[in-house]
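Notes follow once the structure below has been shown.
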Amino acid sequence: MNYFLGVDIGTSSVKSLLMDAKGHVVGSAQVGYDIIKDRPEYAEQDMEILWEASRQTIADVVKKYPQEAERIQGISYSGQMHGLVMTDAQGRLIRNAIIWADQRSEDEIHRIYDVVGEDSYRSVALNSLSTGFLISSLMWVKEHEPDNYEKIRYVMFPKDYIRFRMCGEFGTDMTDASSGAIFDTKQRQWAWELIDRLGIDRDIFPECHESCDVVGTVTRECAEVTGLKPGIKIACGGGDTLMQGVGNGIIGPGSLAANIGTACQISGAFNEPLHDETYRTNTFCHVKEDLWMLMGAHLSGGVAMKWLMNEILYMDTYDEMTAMATEAPAGSEGLVFLPYLSGERTPYNDPGAKGIYFGMTLRHGREHMIRSTMEGIVFGLRTSIEIFKGLGIKYSKIIASGGGARGRLFLEMQADIFDCDIYTNVGNEQAGIGAAITAAVACGEYADYEEACARLVHMKDTVVTPNRENQKYYEEQFAVFKELYGHNEDLFHM
């Protein structure tokens, strides 16, 4: 039997996953790392550390499953989106990657709009600019680190650098390129006119491919440090939200994914480049030429739970936290959490937004804080669903993904707050599975994504349905949640 390797380069860890041609995950390996925050608004990562983590996870899988590894036919990638990686002509890193969570480039966004015009820009990119996007960070480097800017031969995204280290070829894919927001999303090419008007050299933008295009093979150097066979086909891969969509079988209209990871997203796949006219959401290219993704992006998901666990409550595990949260009733007895600990993208696109616990009284304890944090994360996702509904988007089910799919309480909250049945995948690592499926399609194991997903993606029999009694409390809380930002916006920016 043939095997395929999916490498998922996340914000907090890399996980490499080995899957057979029937969709069974043989095994995986994971290595974690941290975000570098030299200043509160900065978020960087050392790509050498991410490469070493990737190399180690691949080597661990190969060592643990040597017979299966001998039959690996293809490799592909899922990667954290938006961030800026810069190399010189030899492929040497110029500086740390500036990743999606970075907030330093707000002034540069205003300068870009001054040059191009906000409406003109958004009509091409189909997105508003945000801090942490490749183009915003690149313009910051141009302004503040001119010596580094002059060294640039290529800009790329984090997964692209890992792929370069494995096959020696520069490039990116349509999903990630469109997430950098200097891209003509309808035409699926770099936004050359915008690039020219901003005075950026066209040559630093690498060739774009579709996600399942084979762009190279495992080099001998990579084989020596990972244990892989040289010559294995390497596909381009894609952004993590897109790969999660593939791993959940969402490659066309009718279903939405609700992902709660470090950040969280509501997303769907569509046969045209749908976009919100006020650009509160993001529209990116999907994994094939006739498909696009609409996404509501929220910057605080699991990171809010981690912050609460480590910095406030000093608890040991998420399981301990969620068990305690079940002791509080739905609605947390009036305690509402606004989860804007890292600013927010949808619906306000405001890097200066802040978090709030509202309605706290002497009767509230740790159980209420934990539950309201979870509820606030899901309320944030619902604001995106409301935008989707306003665009006339119809869906028959929502598939929970990431950490939000692994605990019963989060699933129940999503069913109640979204007022929709919540499905979960038989597999737990949708992004890595999506990357492995992409490798299988690239190698011809399956004719296309439709065939591959129909054969390989399966939902659990258990479906979580809304609890009508809980919904009463959540509707009241959501009404409060929606008011909190507007009443505090001026205070956030003092």
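With Ser105 contributing its side chain and Trp140 its backbone, the two residues share no donor-acceptor pair below 3.5 Å. Remark: side-chain polar atoms of His275 are not paired, donor with acceptor, to backbone N or O of Ser123 under 3.5 angstrom. Asp102 places no side-chain N or O within 3.5 Å of a backbone atom of Gly132 that could act as its donor or acceptor partner. Of the possible donor and acceptor atoms, none in the side chain of Asn248 sits under 3.5 Å from a partner among the backbone N and O of Ala257. Under the 3.5 Å distance criterion, the side-chain polar atoms of Asn349 are matched with a main-chain donor or acceptor of Leu129. In this structure, His209 contributes its side chain and Cys236 its backbone to no donor-acceptor pair below 3.5 Å. A donor-acceptor pair under 3.5 Å links the side-chain atoms of Gln414 to the main chain of Phe410, judged by distance alone. Judged purely by atom type and a 3.5 angstrom limit, Glu344 uses its side chain to pair as donor or acceptor with the backbone of Leu299. The backbone N or O of Gly237 lies less than 3.5 Å from a partner atom in the side chain of Ser76, making a donor-acceptor pair. Under a 3.5 Å cut-off, the side chain of Thr346 and the backbone N or O of Ala297 do form a donor-acceptor pair.
Residues Asp319 and Thr317 have side chains that never bring a donor and an acceptor to within less than 3.5 angstrom of each other. Residues Trp292 and Thr185 have side chains that never bring a donor and an acceptor to within less than 3.5 angstrom of each other. Between the side chains of Ser332 and Tyr473, no donor N or O sits under 3.5 Å from an acceptor N or O. Using modelled atom types and a 3.5 Å distance limit, the side chains of Glu412 and Asn467 yield no donor-acceptor pair. Side chains of Tyr121 and Ser128: a donor-acceptor N/O pair is absent below 3.5 angstrom, by distance only.
Using a 4.5 Å heavy-atom cutoff, the side chains of Met315 and Ile370 are in contact. Put simply, the side chain of Val14 does not reach to within 4.5 Å of the side chain of Val31, judged on heavy atoms. Residues Gln477 and Ser372 form no side-chain contact, since every pair of their non-hydrogen atoms from C-beta on lies 4.5 Å or further apart. Looking at Asp240 and Lys159, their side chains never come closer than 4.5 Å, going by heavy atoms from C-beta outward. Using a 4.5 Å heavy-atom cutoff, the side chains of Ile9 and Tyr161 are not in contact. Gln244 is not listed as a side-chain neighbour of Asp8, based on a closest heavy-atom distance of 4.5 Å or more. At a threshold of 4.5 Å between non-hydrogen side-chain atoms, the residues Asn96 and Tyr42 do not count as touching. In this structure, the side chains of Gln45 and Ile35 come closer than 4.5 Å at one or more pairs of heavy atoms.
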Original post:
Passes side chain to side chain donor-acceptor pair (under 3.5 Å), Tyr485 versus Asp350? Steps please.
Top reply: CA-CA 10 Å; Tyr485 176 83; Asp350 183 0; 2.6 Å; yes
Subject >> Stepwise side chain to side chain contact (heavy atoms under 4.5 Å, CB included) check, Val61 with Ile58 >> reply: CA-CA 5 Å; Val61 168; Ile58 294 168; 5.9 Å; no
Original post:
Given the rule in the salt bridge (Lys or Arg N to Asp or Glu O under 4.0 Å) test, do Arg165 and Glu48 qualify, once you have shown the distances and angles that lead to the verdict?
Top reply: CA-CA 10 Å; Arg165 291 295 296 264; Glu48 285 294 344; 3.1 Å; yes
Original post:
Are Asp173 and Arg163 close enough, and set up right, to give a side chain to side chain contact (heavy atoms under 4.5 Å, CB included), and what steps lead you there?
Top reply: CA-CA 11 Å; Asp173 78 294; Arg163 191 184 59 252; 5.8 Å; no
**OP:** Show your reasoning for whether side chain to side chain contact (heavy atoms under 4.5 Å, CB included) applies to Met305 and Ile377.
**Re:** CA-CA 9 Å; Met305 295 293 288; Ile377 291 167; 4.0 Å; yes
Original post:
Should His82 and Phe284 be marked as a ring-ring contact (aromatic ring centres under 6.0 Å, His included) after you check the CA-CA gap, both sets of side-chain angles, and the distance that decides it?
Top reply: CA-CA 11 Å; His82 312 301; Phe284 301 136; 5.7 Å; yes
Subject >> Steps toward side chain to side chain contact (heavy atoms under 4.5 Å, CB included) verdict (Met374, Leu409) >> reply: CA-CA 9 Å; Met374 298 172 72; Leu409 184 57; 3.9 Å; yes
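Ring orientation note: the planes of Phe379 and Phe478 are tilted relative to one another, at an angle of 30° to 60°.
Applying the side chain to side chain donor-acceptor pair (under 3.5 Å) test to Asp60 and every residue at least two apart in sequence or in another chain returns nothing.
One finds the CZ atom of Arg345 at 9.5 Å from the CG atom of Asn127 (value rounded to the nearest 0.5 Å). Residue Ser179 holds its OG atom at 4.0 Å from CE of Met81, rounded to the nearest 0.5 Å. How far CZ of Arg95 is from CG of Asp46: 11.0 Å, rounded to the nearest 0.5 Å. Rounded to the nearest 0.5 angstrom, Leu294 CG and Leu391 CG are separated by 6.5 Å. Rounded to the nearest 0.5 Å, atoms OG (Ser342) and NZ (Lys354) are 11.0 Å apart. Atom OG1 of Thr373 sits about 4.5 Å away from atom CG of Leu308, to the nearest 0.5 Å.
The minimum heavy-atom distance linking Ala435 with Val7 is given by the pair CB-N, 4.3 Å. Between Cys453 and Val246, the shortest heavy-atom contact is SG-O, 3.5 Å. Nearest heavy atoms, Gly32 versus Ser13: CA-CB, 3.7 Å. Between Pro351 and Thr131, the shortest heavy-atom contact is CB-OG1, 3.9 Å. Residues Thr283 and Leu274 share a closest heavy-atom pair of OG1-O, 2.5 Å. When every heavy atom of Met139 is checked against every heavy atom of Ile112, the shortest pair comes out as CG-CD1, 3.7 Å.
For the pair Arg104 and Glu44, the salt-bridge criterion is met [side-chain N within less than 4.0 Å of a carboxylate O]. A salt bridge links Glu375 with Arg371: at least one charged nitrogen is closer than 4.0 Å to a carboxylate oxygen. Asp290 and Lys288 are joined by a salt bridge, as a carboxylate oxygen and a charged side-chain nitrogen come within less than 4.0 angstrom of each other. Using a cut-off of 4.0 Å between Lys/Arg side-chain N and Asp/Glu carboxylate O, Arg468 and Asp419 are scored as salt-bridged.
The number of heavy-atom neighbours closer than 6.0 Å to NZ of Lys306, taken from other residues, nucleotides and ligands shown, is 12 or below. More than 12 heavy atoms of other shown residues, nucleotides or ligands fall within 6.0 angstrom of atom CZ in Arg188. Counting non-hydrogen atoms of neighbouring residues, nucleotides and ligands closer than 6.0 angstrom, the CZ atom of Phe358 reaches no more than 12 such neighbours.
Each of Glu475, Glu476, Glu469 was evaluated against Lys472; a single residue qualifies, Glu469, per the salt bridge (Lys or Arg N to Asp or Glu O under 4.0 Å) test.
Evaluation of the salt bridge (charged side-chain N to carboxylate O under 4.0 Å, His left out) test over residues 248-276, restricted to residues two or more places apart or in two chains, returns Asp276-Arg280.
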